[in-house]
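Heads up, the thing below is written out as structure tokens.
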Number of protein chains: 2
Amino acid sequence: MKKRKFFLTKAIFDIYRNSLAYISSRVAQFGIGRGQWYFINHLLFGRDGISQEQLSKELFVDSAHTARAVKKLEDGGFVFRKPDLRDARKKNVYVTEKAIAIKDDYHKLYQDLNKILVDGFTPEELKLVRSFFYRMRKNIVSYMGNSERDFPR
Amino acid sequence: MKKRKFFLTKAIFDIYRNSLAYISSRVAQFGIGRGQWYFINHLLFGRDGISQEQLSKELFVDSAHTARAVKKLEDGGFVFRKPDLRDARKKNVYVTEKAIAIKDDYHKLYQDLNKILVDGFTPEELKLVRSFFYRMRKNIVSYMGNSERDFPR
DNA sequence: ATAAATTAGTTGACTAATCAACTATATTTT
DNA sequence: AAAATATAGTTGATTAGTCAACTAATTTAT
């Protein structure tokens with residue numbers, strides 16, 4: 001079996017797919033689908049009330065997808081939408097009590113996944129991991145013309 | 001703007017999405033779709049002739065998707081399939097001359113993306129990046145019950 | 001040797017995600 | 001001020017990807 005060159009993209013791809021499988025199978029218990037978890041995550045953990053457009057930008061997904069995903073979350077009672085007071089085109093998305101009620105369980109999911117990913121890493125290595133990921137993200141996001149300044153990490 | 005906790009999953013997700021956008025828009029010129037590039041990549045760079053089942057395992061995707069993606073690549077002239085000599089259920093997938101003809105250009109795409117991702121990293125940091133990614137991938141893949149021993153990185 | 005269970009790939013049904021086109025609203029240009 | 005252009009969200013069409021059910025081939029159990 002021939003030794004292959006290490007492709008960063010393959011590793012990213014593999015980590016992503018496995019992480020996605022992990023999360024998706026677990027958010028189902030909350031009645032949240034594979035295509036919505038990251039929206040509610042984003043809203044629950046600090047970005048409540050932002051517009052759909054901003055959600056699209058911050059999650060690097062298409063507005064069509066955002067509109068549909070947010071609608072599903074709204075139908076499921078996890079969010080509600082209100083037009084922006086200064087711009088009637090904009091719809092701001094807010095979490096409901098139902099969403100807040102699962103916040104801790106939800107958060108635990110992420111922590112558990114995080115622990116799996118960094119199992120065996122020293123605290124010093126963890127610092128490096130964070131730094132490297134932040135920098136790589138910044139590199140690709142900037143390159144693709146997406147502004148990362150618009151939102152915090 | 002409130003400072004948020006750094007979630008590794010969000011960084012992975014962001015890097016993945018932006019990288020996917022980068023690759024997908026560029027492989028289109030070869031007549032390869034968003035859902036197929038990583039299959040042909042895998043075959044071109046060292047795994048020519050493996051079965052569909054193995055492709056699914058190594059790429060962490062569902063056999064239904066593999067069957068369809070491989071069929072598209074076959075229809076596009078990039079691969080051909082042959083039944084395995086020892087197990088009539090298995091179909092092995094091979095690259096064609098057409099695929100080999102684009103190998104270098106294809107490879108350049110990956111290198112360019114890699115350069116973008118690791119821009120500003122020192123050689124020492126690069127070594128760490130590789131090690132960290134390898135370990136994290138191993139962590140999640142093992143946790144999910146997928147064997148990484150079956151294929152090299 | 002035969003029956004039962006498992007496996008590899010395919011097809012169906014569904015959700016997810018992108019690209020395109022559109023409408024209403026807002027901003028910029030004339 | 002009116003016209004032209006850009007923007008935010010929605011809908012349509014399409015591709016991608018998963019879960020489920022199925023068939024044919026293989027392996028395991030009886």
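Letters A, B, ... mirror the listed sequences (proteins, then strands); counts begin at 1. Remember, it's a predicted structure, so these values are computed and weren't measured experimentally.
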**Message:** Any residue in residues 64-86 of chain A with a heavy atom nearer than 4.0 angstrom to DNA chain C? Just list them by number, or reply none.
**Reply:**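 The answer is A:Ala64, A:His65, A:Arg68, A:Lys72.
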Could you give the [atom1]-to-[atom2] distance, from [X] to [N], as a whole number of Å?
X: B:Trp37; N: D:dA16; atom1: CH2; atom2: P; result: 12 Å
X: B:Glu53; N: D:dA25; atom1: CD; atom2: C1'; result: 13 Å
X: A:Gln54; N: D:dT7; atom1: CD; atom2: P; result: 14 Å
X: A:Ile23; N: D:dT18; atom1: CD1; atom2: C1'; result: 17 Å

**Prompt:** What does A:Ser56 touch in the nucleic acid at a heavy-atom separation under 4.0 angstrom: a base, only the sugar-phosphate, or nothing?
**Reply:**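 Nothing: the residue A:Ser56, judged by heavy atoms under 4.0 Å, touches no strand.
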**Message:** Under 4.0 Å, heavy atoms only, any strand: does B:Asp62 hit a base, just the sugar-phosphate, or nothing?
**Reply:**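 Result for B:Asp62 = base.
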**Request:** Say whether A:Asp119 and B:Asn139, considering side chains only, have a donor N or O and an acceptor N or O under 3.5 Å apart.
**Result:**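 No, because no side-chain N or O of A:Asp119 sits under 3.5 Å from a partner of the opposite role on B:Asn139.
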**Request:** Salt-bridge test for B:Asp104 and B:Lys108: reply yes if a basic N is under 4.0 Å from a carboxylate O, no otherwise.
**Result:**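 Result for this pair is no, no salt bridge flagged.
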**Item:** Ring-ring centroid check B:Phe132 A:Phe133, cutoff 6.0 Å
**Value:**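 Not close enough - the centres of the two rings lie 6.0 Å or further apart.
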**Prompt:** So, A:Tyr22 versus A:Tyr110, ring centres under 6.0 angstrom or not?
**Reply:**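 Not under 6.0 Å, so no.
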**Message:** I'd like to check the side chain to side chain contact (heavy atoms under 4.5 Å, CB included) partners of A:Lys115; sequence neighbours left out, ordered by chain and number.
**Reply:**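 With sequence neighbours excluded, A:Lys115 shows a side chain to side chain contact (heavy atoms under 4.5 Å, CB included) to A:Asp112, given in chain and number order.
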**Message:** Heavy atoms from C-beta onward define the side chain here; which of D:dT26, D:dT18, D:dA16 lies closest to that of A:Arg34?
**Reply:**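 When the side chain of A:Arg34 is considered, D:dT18 is the closest of D:dT26, D:dT18, D:dA16.
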Under 4.5 Å between any side-chain heavy atoms of [X] and [Y], yes or no?
X: B:Phe45; Y: B:Tyr106; value: yes
X: B:Ile140; Y: A:Ser19; value: yes
X: B:Phe13; Y: B:Arg17; value: yes

**Request:** Between B:Leu20 and A:Asn92, just flag the one whose closest nucleotide in DNA chain D comes earlier from the 5' side.
**Result:**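 The answer here is A:Asn92.
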**Prompt:** Going through the distances and angles, do A:Phe60 and A:His65 end up as a ring-ring contact (aromatic ring centres under 6.0 Å, His included)?
**Reply:** CA-CA 10 Å; A:Phe60 306 105; A:His65 178 42; over 10 Å; no
**Prompt:** What are the 5'-most and 3'-most nucleotides of DNA chain C lying under 4.0 Å from any heavy atom of chain A?
**Reply:**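 Reading along DNA chain C, I get C:dT15 to C:dA26.
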